[in-house]
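Accompanying notes for the structure given below.
Order of the sequence lines fixes the chain letters, A, B, ..., with proteins taken first and strands second; residue numbering starts at 1 for each chain.
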There are 2 protein chains.
Amino acid sequence: MKKQKITIHDISKALKIDSSTVSRALNDSSRVSLKTKQKILDKAEELGYQRNILASNLRTNKTNTIGVIVPRISRSFFSSVISGIEDTAQNSGYNVIICQSFESFEREKKIMNTLLSNRVDGVLISISMQTTSFDYLKPYLDYGGPIVFYDRPCSFENCSSISVNDYKASYTVTEHLIQSGCKNIVHFAGPQIIDLYKNRKQGYVDAIINNGLEFKESYCFESKLAEEDGVAFAKKIISMENIDGVYSSNDTAAIGAMQYLKFMGVKIPEDIAVAGFNNDPISSVIEPGLTTINQPDFEMGKIAANMLIEQIKNETTNKESKVLDVELIIRNSSQKN
Amino acid sequence: MKKQKITIHDISKALKIDSSTVSRALNDSSRVSLKTKQKILDKAEELGYQRNILASNLRTNKTNTIGVIVPRISRSFFSSVISGIEDTAQNSGYNVIICQSFESFEREKKIMNTLLSNRVDGVLISISMQTTSFDYLKPYLDYGGPIVFYDRPCSFENCSSISVNDYKASYTVTEHLIQSGCKNIVHFAGPQIIDLYKNRKQGYVDAIINNGLEFKESYCFESKLAEEDGVAFAKKIISMENIDGVYSSNDTAAIGAMQYLKFMGVKIPEDIAVAGFNNDPISSVIEPGLTTINQPDFEMGKIAANMLIEQIKNETTNKESKVLDVELIIRNSSQKN
DNA sequence: CTGTTAGCGCCTTCAA
DNA sequence: TTGAAGGCGCTAACAG
């Protein structure tokens, strides 16, 4: 029942000007006289012409669209990254397609497939928690589309990536806790499959050891990025002795833990220092004393989009791995000893 | 530098079978013998054939894609709605393009334009805070594309809509506060331009009046859905006398207010009852005593997508306005008198 | 500056 | 069941 849309041919006929000229005018080519251009533009307006981008894309073999694969848009960090991406993309005239993998490898593969079928000009991807093999990216790379990894980098076919210096951030914040007097610091870790969380754990471990404390594996809890994990962690901590510090390297577990504690009416003792990666504005409300690592989310999105667009345009082959430093926000962490 | 992709013609040549037959086979048409179909499928696999959806879409004049316009994906309510939409869409074989208006009318118009240019099969929209005129939707409707409003309905060209019974929910929760003994209830309202927030306010007003209390306009604060508004509201409340209840009809202001109070170390007195619309799991952490109105977010997304897809497929013209009831979650609200 | 011609890759009559 | 032919709407040579 869709009405037939106006095409350049309709304009062409109405004006007795060839459709190729119409096309040129509509694309603001300099090779059309101002007079005819104006005539064409007016007619287009009059008829309510809307360019059919599908046809244009087919012809030019580009879509002016970039695909973004994200684990979950509901995660505050990611939705900020997306805003950054959209910001940059729009300024450069690109459309953005956002796809959620929900941390599922299967979905990720499927998404990559449709992005290829839709011939997006480039892809930004933060791999899912389950992703261990990257062969599924090959077809798109073979096609010639650039891929940039953001936040969760991985060395594959020397694609570009942009991420945060997780190791350093982790080391710094752990050391900060130690210098505040903590001697028994528990660590809420993320899935160790993901390099990012591995690096964060390593930062914690090294800070512990280099500062003369004893590293205990039993102080490390590995989360699958679910709030329930945090609840379990909270229960464990309550049952443990001596704990005087907590460092969480993922929001989700931390939020879960806090929810539980709040729900149970357990106040985090003043003498337990808490620190964590945290881009959710909310957790600062839950626990204002928290020392937080502030990740450059919006900025990361902008940089990622820029890197990708550059590769799309220049058809350059030089790949790079950018690493951003993070900001440590020290609130009113309790000072011990 | 993009490599030339395999087309049906490559398969056609390799097999000496006409491309039209290849096309049929690839579309699993019944008018191809099983034998040739298998041969074609094998060859396609072997050559790494990837259908060019652009071309297919151009030819068939449909894209199997629906566009979703959302004010902000970072709002918990909306990201759940989106998940619901994606869920349904995927099951029906539709792709989803998510676009954020950031509550800007200008962006909304631009988005609608590119969605039309991209010939999406249908559009789900929750209008921005600034949107007052709907003429910009005309071109898409003229084109024949269906539009369904979600969450923020508006009567335009009798498009379908799906929303929540805001008036009733608001009335109920206000009455609940009154029955708990509240006599001076402040209302954090949303932008009165948006019908939804107007309805919520009306629910509050009517509940107040019908229960024999006096309605005071000075008890109503209008938010622009920014956290700063909440901060301002919190300050006001602190300076006011007699307030024994707060009902917020938007998360954002509520969260802002709570952040501020928490930051200032002000505990919400036990004898002030608080209630609000709230889909952010976090605020229940901030204030576990909160009586909340639980909106069917995920479900709304599914229903919206279903309504739209039905209209796309059936090319039906019957429009409807669905209104969902909400669930009132009464936690440990303080009982007065 | 404008028109002619020829496709982009796919699908869909129509005929065999 | 298969092939031949044409065209979706647009753009990019190449002429003129």
Side-chain angles (χ1 to χ4, degrees), chain A residues 2-41 43-44 47-65 114 116-121 143-144, chain B residues 2-41 43-44 47-65 114 116-121 143-144:
Chain A
K2 305 220 171 174
K3 265 188 226 157
Q4 209 44 46
K5 285 292 302 183
I6 312 294
T7 73
I8 50 172
H9 298 293
D10 297 319
I11 302 179
S12 162
K13 264 179 232 155
L15 256 35
K16 295 198 198 329
I17 297 177
D18 192 84
S19 58
S20 59
T21 305
V22 174
S23 171
R24 279 189 282 258
L26 260 18
N27 283 302
D28 204 26
S29 157
S30 58
R31 307 189 329 161
V32 185
S33 75
L34 276 178
K35 215 172 54 188
T36 38
K37 193 183 284 186
Q38 198 51 55
K39 226 169 27 182
I40 291 170
L41 259 33
K43 199 53 157 186
L47 298 178
Y49 170 79
Q50 290 281 143
R51 157 193 273 138
N52 184 330
I53 295 211
L54 295 175
S56 169
N57 289 346
L58 174 62
R59 186 60 235 256
T60 58
N61 200 31
K62 55 194 205 48
T63 54
N64 274 306
T65 299
T114 60
L116 172 50
S117 288
N118 279 92
R119 300 294 189 269
V120 295
D121 293 340
Y143 159 66
Chain B
K2 306 224 169 171
K3 267 188 226 155
Q4 210 41 48
K5 285 293 300 181
I6 312 293
T7 74
I8 51 172
H9 298 292
D10 298 316
I11 302 178
S12 160
K13 267 178 228 157
L15 258 34
K16 296 198 199 325
I17 296 176
D18 191 85
S19 59
S20 59
T21 306
V22 175
S23 172
R24 279 188 282 257
L26 261 17
N27 283 303
D28 205 27
S29 158
S30 60
R31 308 190 326 160
V32 186
S33 75
L34 275 180
K35 216 172 53 186
T36 37
K37 191 184 285 185
Q38 197 52 53
K39 226 168 29 182
I40 291 169
L41 259 32
K43 200 52 159 184
L47 298 178
Y49 170 79
Q50 291 280 144
R51 160 194 269 137
N52 185 329
I53 296 209
L54 294 175
S56 168
N57 288 346
L58 174 61
R59 186 60 235 260
T60 57
N61 200 29
K62 55 195 206 45
T63 54
N64 275 306
T65 300
T114 61
L116 170 50
S117 288
N118 279 91
R119 300 295 190 267
V120 297
D121 293 341
Y143 159 66

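- In this structure, L34(B) atom CG and dT2(D) atom P are separated by 10 Å, rounded to whole Å.
- Closest approach to the T60(A) side chain among dA12(D), dC11(C), dG3(C) is made by dA12(D) (side chain taken as heavy atoms from C-beta onward).
- Looking at heavy-atom distances under 4.0 Å, S23(A) makes contact with a base.
- One can place NZ of K35(A) at 13 Å from C1' of dT2(C), the figure rounded to the nearest angstrom.
- Within the structure, side chain to side chain donor-acceptor pair (under 3.5 Å) contacts touching residues 9-18 of chain A (residues at least two apart or in different chains) are D18(A)-S20(A).
- When each of N61(A), N64(A), T63(A), T65(A) is tested with D121(A) by the rule side chain to side chain donor-acceptor pair (under 3.5 Å), just one qualifies, namely T63(A).
- The shortest heavy-atom contact between V120(A) and Y143(A) is O-CE2, 4.3 Å.
- Contact detail for L41(B) and A25(B): the closest heavy-atom pair is CD1-O, 4.1 Å.
- R119(A) contributes atom CZ, which lies 15.0 Å from atom NZ of K62(A) (distance to the nearest 0.5 angstrom).
- Residue contacts for L26(B): at a heavy-atom cut-off of 4.0 Å it reaches no nucleic acid atom on any strand shown.
- S19(B) meets the side-chain hydrogen bond (donor to acceptor under 3.5 Å, both in side chains) test with no other residue; sequence neighbours excluded.
- If you check residues 47-59 of chain A against DNA chain D, the residues with a heavy atom closer than 4.0 Å are Y49(A), R51(A), N52(A), A55(A), S56(A), R59(A), listed by number.
- Regarding K5(B), its NZ atom lies at a distance of 16 Å from the P atom of dC8(C), rounded to whole Å.
- Following rounding to the nearest Å, D28(B) (CG) and dT12(C) (P) show an atom-to-atom distance of 14 Å.
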Expected list for residues 31-39 of chain A: side-chain donor-acceptor pairs under 3.5 angstrom, two or more places apart:
unit_1, atom_1, unit_2, atom_2, d
S33(A), OG, T36(A), N, 3.2
S33(A), OG, T36(A), OG1, 2.6
T36(A), OG1, S33(A), O, 3.0
K37(A), NZ, D28(A), OD1, 3.1
K37(A), NZ, S29(A), O, 3.0
Q38(A), NE2, D42(A), OD1, 3.0

Side-chain atoms of residues 49-58 of chain B: list all donor-acceptor pairs with protein atoms under 3.5 Å, sequence neighbours left out, distances to 0.1 Å.
unit_1, atom_1, unit_2, atom_2, d
R51(B), NH2, N27(B), OD1, 2.4
N52(B), OD1, L54(B), N, 2.9
N52(B), OD1, A55(B), N, 3.2
N57(B), ND2, I53(B), O, 3.3

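- Atom CD1 of I17(A) is separated from atom P of dC1(C) by 14 Å (rounded to the nearest Å).
- Rounded to an integer number of Å, the gap from CD1 of I40(B) to P of dT1(D) is 13 Å.
- In the helix from dC1(C)-dG16(D) to dA16(C)-dT1(D), the rotation axis of the first five pairs and that of the last five pairs differ in direction by 30°, rounded to 10 degrees.
- The distance from the NZ atom of K43(A) to the CG atom of L15(A) is 6.0 Å, given to the nearest 0.5 Å.
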Interface polar pairs with nucleotides 13-16 of chain C, N/O, under 3.5 angstrom:
none

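- The interatomic distance linking K62(B) (NZ) with dC10(C) (C1') rounds to 13 Å, in whole Å.
- The two residues T21(B) and I40(B) have their closest heavy-atom pair at O-CD1, 4.0 Å.
- One finds no side-chain N or O of T36(B) lying less than 4.0 angstrom from the OP1 or OP2 phosphate oxygen of dT1(D).
- N61(A) has its CG atom 13 Å from the P atom of dA13(D), to the nearest Å.
- Scanning residues 8-15 of chain B for heavy-atom distances under 4.0 Å to DNA chain C yields I8(B), H9(B).
- At dC10(C), none of the side-chain N or O atoms of S19(B) fall inside 4.0 Å of OP1 or OP2 (strictly under the cut-off).
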